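Take a look at the structure set out below.
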There are 2 protein chains.
Amino acid sequence: MRGMLTFQILWELRTGPLNGQQIAEQIAKRRGTKPTPGTIYPALKDLEDRGSVKSEKEGRQRVYNLTEAGKAGYIEAARYFNQVFGDIAEDAKIIVLKTDDCSKC
Amino acid sequence: MRGMLTFQILWELRTGPLNGQQIAEQIAKRRGTKPTPGTIYPALKDLEDRGSVKSEKEGRQRVYNLTEAGKAGYIEAARYFNQVFGDIAEDAKIIVLKTDDCSKC
DNA sequence: TTAAATATATCGGACATCCAATATTATATG
DNA sequence: CATATAATATTGGATGTCCGATATATTTAA
């Protein structure tokens, strides 16, 4: 699906400003592997070019924040995600619950 | 995200055999636009080459079914999806509920 | 002061998605 | 029988993802 990385970045930024490496670490927590700089920085640059995030350089770190447009875009993407994946996500959750139960037997 | 289209195809096939156009229509129901032949048939061919689905030609239709490997692969992909997107999906659902409530005010 | 570590930034290449356009095959309709 | 429709199949191009490698900038450690 297109746009899933940027959607995840917007999701991470919804709670407050983060720098590039922090975003990568948050994504790593969920997906198990840390995205490399070659993944994170072009995506952040693209989001900034499109006006969804704004960054401020603080020393060697660049801190990223959602803009108003970014918040609106995140909500729109969340609605679309729910529309496309809502049922799929429910099934996935059930599968995990069933599989975990079985693995405890 | 990589692999999301094939994950959706496996999800549609989990309930029984479908042909290419039926799969496209099921995906269209959720995402609002119907994938074109250029999207569906290469993806189905790849899934068959990898042993996740098996097809049988019936007249001008080719009917696709999950294989045992496909079922296992679907469960694995569902677990990964839940791991990466479980929290995101919950938030997306909350956003939809809140936005729908507001649009009714 | 210098070296190491951290953070950022870029680029080329590979993979997956997505489509438009085109072609082929098989069935339905006139 | 000829035409239209439906389904499949393929290809090239564009977009997004993802990475490894490399380079630059800044802070920290030796």
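Quick note on labels: first sequence line is chain A, next is B, and so on, each numbered from 1. This structure is a prediction, so every number in the text was calculated from the model and none was measured.
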Protein and nucleotides 26-30 of chain C: nitrogen or oxygen contacts under 3.5 angstrom:
from: C/dA26; atom 1: N3; to: B/R60; atom 2: NH1; distance (Å): 3.2
from: C/dT27; atom 1: O2; to: B/R60; atom 2: NH1; distance (Å): 3.4

Inset, instruction - For B/T15, enumerate each residue passing the side-chain hydrogen bond (donor to acceptor under 3.5 Å, both in side chains) test, keeping only those at least two apart in sequence or located in another chain. - result: none
Legend entry - For A/E12, all residues meeting side-chain contact (heavy atoms from CB on, under 4.5 Å), sequence neighbours excluded: A/L18, A/Q26, A/I27, A/R30
Legend entry - First and last nucleotide of DNA chain D, 5' to 3', lying under 4.0 Å from heavy atoms of chain B: D/dT5 to D/dC18
Legend entry - Partners passing salt bridge (Lys or Arg N to Asp or Glu O under 4.0 Å) against A/K45 (at least two apart in sequence or in another chain): A/D49
Legend entry - For atom OH of B/Y41 and atom P of C/dC18, their distance in whole Å: 16 Å
Inset, instruction - Scan B/F7 against the nucleic acid and name what it touches under 4.0 Å (heavy atoms): base, sugar-phosphate only, or nothing. - result: nothing
Legend entry - Rounded distance in Å - CD1 (A/I40) to P (C/dT10): 14 Å
Inset, instruction - Would you mind listing every salt bridge (Lys or Arg N to Asp or Glu O under 4.0 Å) that reaches into residues 74-89 of chain B, with sequence neighbours excluded? - result: A/D100-B/R79
Inset, instruction - Give, ordered by number, those residues of residues 22-38 of chain A having at least one heavy-atom distance below 4.0 Å to an atom of DNA chain C; if nothing qualifies, reply none. - result: A/P37, A/G38
Legend entry - Value in whole Å for how far the C1' atom of C/dA9 lies from CG of A/D49: 13 Å
Inset, instruction - Taking side-chain hydrogen bond (donor to acceptor under 3.5 Å, both in side chains) as the test, write out the residues that go with B/D91, two or more places apart. - result: A/W11, A/R14
Inset, instruction - Using a 4.0 Å heavy-atom cut-off across all strands, classify A/N19 as base, sugar-phosphate, or nothing. - result: sugar-phosphate
Inset, instruction - Apply ring pair (Phe, Tyr, Trp, His ring centres under 6.0 Å) to B/Y80 and list each qualifying residue two or more places apart in sequence or on a separate chain. - result: none
Legend entry - Stretch residues 74-86 of chain B: residues that reach within less than 4.0 Å of DNA chain C through a heavy atom: none
Inset, instruction - With the side chain counted from C-beta on, respond yes when A/M4 and A/F85 share a heavy-atom pair under 4.5 Å apart, and no when they do not. - result: yes
Show me the side-chain donor-acceptor pairs of residues 34-42 of chain B shorter than 3.5 Å, one per line, residues at least two apart or across chains.
from: B/K34; atom 1: NZ; to: B/Q21; atom 2: OE1; distance (Å): 2.8
from: B/T36; atom 1: OG1; to: B/G38; atom 2: N; distance (Å): 3.3
from: B/Y41; atom 1: OH; to: B/Q21; atom 2: NE2; distance (Å): 3.1

Legend entry - Among C/dT10, C/dC19, C/dA9, the one nearest A/K45 by side-chain distance: C/dT10
Inset, instruction - Describe the nucleic acid contact of B/R2 in one word from base, sugar-phosphate, nothing, applying a heavy-atom distance below 4.0 Å. - result: base
Show which side-chain atoms of residues 50-60 of chain A pair as donor or acceptor with protein atoms under 3.5 Å away, not counting sequence neighbours.
from: A/R50; atom 1: NE; to: A/D46; atom 2: OD2; distance (Å): 3.0
from: A/R50; atom 1: NH2; to: A/D46; atom 2: OD2; distance (Å): 3.1
from: A/S55; atom 1: OG; to: A/E48; atom 2: OE1; distance (Å): 3.0
from: A/S55; atom 1: OG; to: A/E48; atom 2: OE2; distance (Å): 3.0
from: A/S55; atom 1: OG; to: A/R62; atom 2: NH1; distance (Å): 3.1

